[in-house]
Structure formats: structure tokens, C-alpha cells
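Note sheet for the following structure.
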Amino acid sequence: MLPPALTNEQSAEDEAIKRKRSEMRARDEQTEDYDRMWYLNLFGLLEVPATLRHLNLSSEHTLLEAGCGTGRMTGQFARRCKRLVSVDYSWKSLKSCRTKLQRRGIKSVDLIQADICHLPFREQAFDRVVSCQVLEHIPTPASRQAAICDLARVLRPGGNLAISAYQYSLMMRLFGRKEGEHAGGIYFYRFEREELRRLLSSAFEVRSMTGALVYHYIARCVKQDV
């Protein structure tokens with residue numbers, strides 16, 4: 001369920017594997033620091049309601065959270081659906097998420113260590129899929145495409161995907177690079193609006209996309225009936 005061991009395959013794939021494993025180590029090492037980022041919790045006061053509006057979640061749905069991290073939004077999702085499956089490839093982040101859920105008495109969440117480019121689920125397993133601030137950390141165009149295709153594979157026809165990613169707007173051009181690494185070696189990529197729309201449209205119908213939260217887009221996508 002995790003990225004495969006490094007092989008002698010094509011250089012682009014090798015680079016993706018290296019960066020994924022580097023991020024996995026960095027996420028494990030920075031788990032406690034991540035939870036101390038108070039501004040993320042403050043930002044969540046706007047981000048969570050906006051994401052839920054795009055998701056259109058109900059109490060009868062089974063939801064996949066693709067990239068839960070330490071559970072910053074997991075509890076909010078769990079209270080609004082029948083069953084939640086949350087995946088991440090940082091084992092320590094999953095342990096932190098589990099502790100938070102236990103403290104809140106939330107028992108409707110399954111936590112699984114996995115790579116969202118290679119999800120270990122059958123086709124059409126979920127009514128809804130959500131992925132918040134994960135896509136920008138996937139290191140190559142081919143890997144990002146694989147992630148979008150796999151999110152579509154596990155979503156039922158007619159189901160919603162709510163997904164957010166860093167934006168490369170005019171304002172962001174003044175303050176940061178389009179591509180690089182955060183402190184600790186975590187890769188990032190900022191999307192132009194039409195660039196992100198094209199990527200999502202390869203597997204979904206993009207119904208809406210907002211950049212109102214300034215540093216990232218939130219898109220509502222629907223998987224069409226075949």
C-alpha cells in the first residue's frame with residue numbers, strides 16, 4: 001500500500017519515489033510541530049465549511065479522506081457521514097490522528113497507511129471523496145495524474161470529490177515560487193487555475209472552483225456515469 005522500493009526504472013518515476021519517501025520521513029519527524037501550527041486551526045474556521053459545501057456530505061455516505069495528516073479535519077468529516085476511511089502515508093501522523101479521535105469518542109473512522117496514487121480499495125467503494133492540501137505535495141506530473149485517476153476509480157458514479165491545492169495566483173507570484181520545498185524537505189507545487197482544472201478534468205467534471213481562500217483553490221468535481 002506504500003510507495004514501492006526504489007528500482008532502476010525510468011528516472012522520473014525514481015525521482016517521484018525518492019521524494020515521496022523523503023516526505024514520509026519529514027512528515028513523521030514533524031508530526032508534533034505540525035500540530036503546533038495554530039494558524040492552520042484558525043484557517044480551518046474558513047476552510048472546513050467551504051470544503052463541506054463543495055463535498056455535499058450526508059449521514060448516509062461513506063467518505064474517503066485522501067491524506068488526513070494528523071487529523072486536523074478528520075473529526076469534522078466523521079461527524080457528518082456514516083463511515084469515514086482516512087489514509088495517509090505518515091505512520092506517526094496516523095497515530096496522532098487516532099489519539100485525537102479517541103479523545104473525542106469518535107469510532108466511525110478507519111485509519112490506513114497508504115499512498116493516494118495507489119489506493120488499496122476496490123472500484124466505486126465510496127460515495128464521496130475529499131482531499132485537502134495534498135495534491136500540491138505529489139512530486140511529478142505523472143504522479144499527480146495517477147492520484148486523480150485513482151481518486152476517480154474508487155468514487156461511485158455521480159459522487160462528489162472536494163479537493164484543494166495551492167494556487168499560483170498573481171498575489172502568490174509576489175511571495176513564493178511555483179515549485180520547491182518547504183523546510184524539512186517537503187515538496188510543493190503551486191497550480192495556476194486552468195492548469196488545475198485541466199488535471200481534474202481528465203477524470204472528473206469540474207463543477208466549481210474557488211480561490212477565495214487566497215493561497216489555495218477548492219474544487220467541486222463530479223464523477224460522471226459511464
Side-chain angles (χ1 to χ4, degrees), residues 19-20 23 26-27 30 33-57 63-77 86-90 93 97 116-117 128-141 143-148 151-152 160-222:
R19 285 187 166 180
K20 284 182 180 182
E23 182 182 351
R27 296 285 184 186
Q30 298 174 35
D33 293 335
Y34 190 80
D35 283 340
R36 295 191 188 103
M37 295 178 183
W38 59 269
Y39 53 86
L40 284 177
N41 292 323
L42 184 62
F43 183 72
L45 297 177
L46 297 174
E47 182 186 18
V48 172
T51 302
L52 288 170
R53 283 195 299 272
H54 283 66
L55 196 56
N56 193 23
L57 190 62
L63 171 66
L64 170 65
E65 182 185 17
C68 62
T70 61
R72 183 171 63 90
M73 302 173 75
T74 305
Q76 299 270 16
F77 295 141
S86 297
V87 305
D88 202 277
Y89 56 34
S90 166
S93 293
C97 184
I116 74 167
C117 298
R128 296 287 188 271
V129 174
V130 63
S131 184
C132 298
Q133 300 188 50
V134 176
L135 188 61
E136 65 263 27
H137 299 300
I138 298 176
T140 65
S143 294
R144 293 190 284 269
Q145 183 67 67
I148 294 303
L151 293 177
N160 282 4
L161 163 72
I163 188 166
S164 65
Y166 287 176
Q167 61 170 284
Y168 197 52
S169 61
L170 177 60
M171 180 178 294
M172 293 308 300
R173 291 168 195 258
L174 299 175
F175 295 100
R177 295 176 295 167
K178 183 174 176 64
E179 184 177 19
E181 289 188 354
H182 293 311
I186 295 176
Y187 169 86
F188 71 84
Y189 183 88
R190 294 188 173 104
F191 293 88
E192 298 175 27
R193 178 183 289 271
E194 290 308 310
E195 179 183 27
L196 179 59
R197 182 180 292 274
R198 285 195 301 272
L199 175 60
L200 297 175
S201 296
S202 66
F204 296 93
E205 178 184 341
V206 180
R207 294 284 179 87
S208 65
M209 185 184 300
T210 177
L213 297 183
V214 181
Y215 88 94
H216 74 237
Y217 296 111
I218 302 178
R220 180 169 75 90
C221 308
V222 177

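The structure displayed is predicted, hence computed values, not measured ones.
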Next item on the list: Starting at CG of Asp88, measure out to SG of Cys97 and round the result to the nearest 0.5 Å.
Entry: 8.5 Å
Note to self: For Glu65 versus Ser86, what's the shortest heavy-atom pair and its separation?
What the structure shows: OE1-OG, 2.8 Å
Item checked: Tyr215 and Tyr166 aromatic ring geometry - parallel, tilted or perpendicular at 30°/60° bounds -> tilted
Check: Looking only at heavy atoms, which two atoms of Ala66 and Leu151 are closest? And how far apart?
Finding: CB-CD2, 3.8 Å
Check: Between Ile148 and Ala203, what is the shortest heavy-atom contact and its length?
Finding: CG2-CB, 3.9 Å
Notebook entry, point to check: Could you give the distance from CD1 (Ile218) to OG1 (Thr51), rounded to the nearest 0.5 Å?
Noted result: 4.0 Å
Check: Looking at side-chain heavy atoms only, is the closest gap between Ser202 and Arg198 below 4.5 Å?
Finding: no
Next item on the list: Answer yes or no: is there a donor N or O on one side and an acceptor on the other, between the side chain of Gln76 and the main chain of Val48, under 3.5 Å?
Entry: no
Check: Taking all non-hydrogen atoms of both residues, which atom of Gly211 and which atom of Tyr217 are closest, and how far apart?
Finding: CA-CD2, 3.7 Å
Margin query: To the closest 0.5 Å, what do you measure between CZ (Arg197) and CZ (Phe204)?
Written below: 14.5 Å
Note to self: Tell me whether Glu205 is salt-bridged to Arg207, with the criterion being a basic N under 4.0 Å from an acidic carboxylate O.
What the structure shows: yes
Check: With side chains defined as the heavy atoms from C-beta onward, is the minimum distance between His54 and Thr210 less than 4.5 Å?
Finding: yes
Next item on the list: Side-chain contact test, heavy atoms from C-beta onward, threshold under 4.5 Å: evaluate it for Tyr187 versus Glu179 and give yes or no.
Entry: yes
Check: Does the side chain of Leu199 come within less than 4.5 Å of Leu135's, by heavy atoms?
Finding: yes
Margin query: I'd like to know if the side chain of Arg128 and the backbone of Asn56 have a donor-acceptor N/O pair within less than 3.5 Å.
Written below: yes
Checklist line | Exercise: identify the closest heavy-atom pair between Cys117 and Ser143 | finding: SG-O, 3.3 Å
Item checked: Pairwise distance CD1(Ile163) to CG(Leu200) - rounded to 0.5 angstrom -> 5.5 Å
Check: Between atom CD of Gln167 and atom CG of Leu196, what is the distance when rounded to the nearest 0.5 Å?
Finding: 10.0 Å
Margin query: Under 4.0 Å between a side-chain nitrogen and a carboxylate oxygen: does that hold for Lys178 and Glu195?
Written below: yes
Notebook entry, point to check: Taking Arg193 for the side chain and Met209 for the main chain, is one N or O donor matched with an acceptor at less than 3.5 Å?
Noted result: yes
Note to self: Would you say that His216 contacts Glu47 through its side chain, given a criterion of any heavy-atom pair below 4.5 Å between the two side chains?
What the structure shows: yes
Note to self: Please give me the minimum heavy-atom distance between Ser164 and Glu136, naming the atom from each residue.
What the structure shows: O-OE1, 3.8 Å
Note to self: Would you compute the distance between atom CD1 of Ile138 and atom OH of Tyr189 and round it to the nearest 0.5 angstrom?
What the structure shows: 13.0 Å
Checklist line | Backbone of Leu55 reached by a side-chain donor or acceptor of Asn160 within 3.5 Å | finding: yes
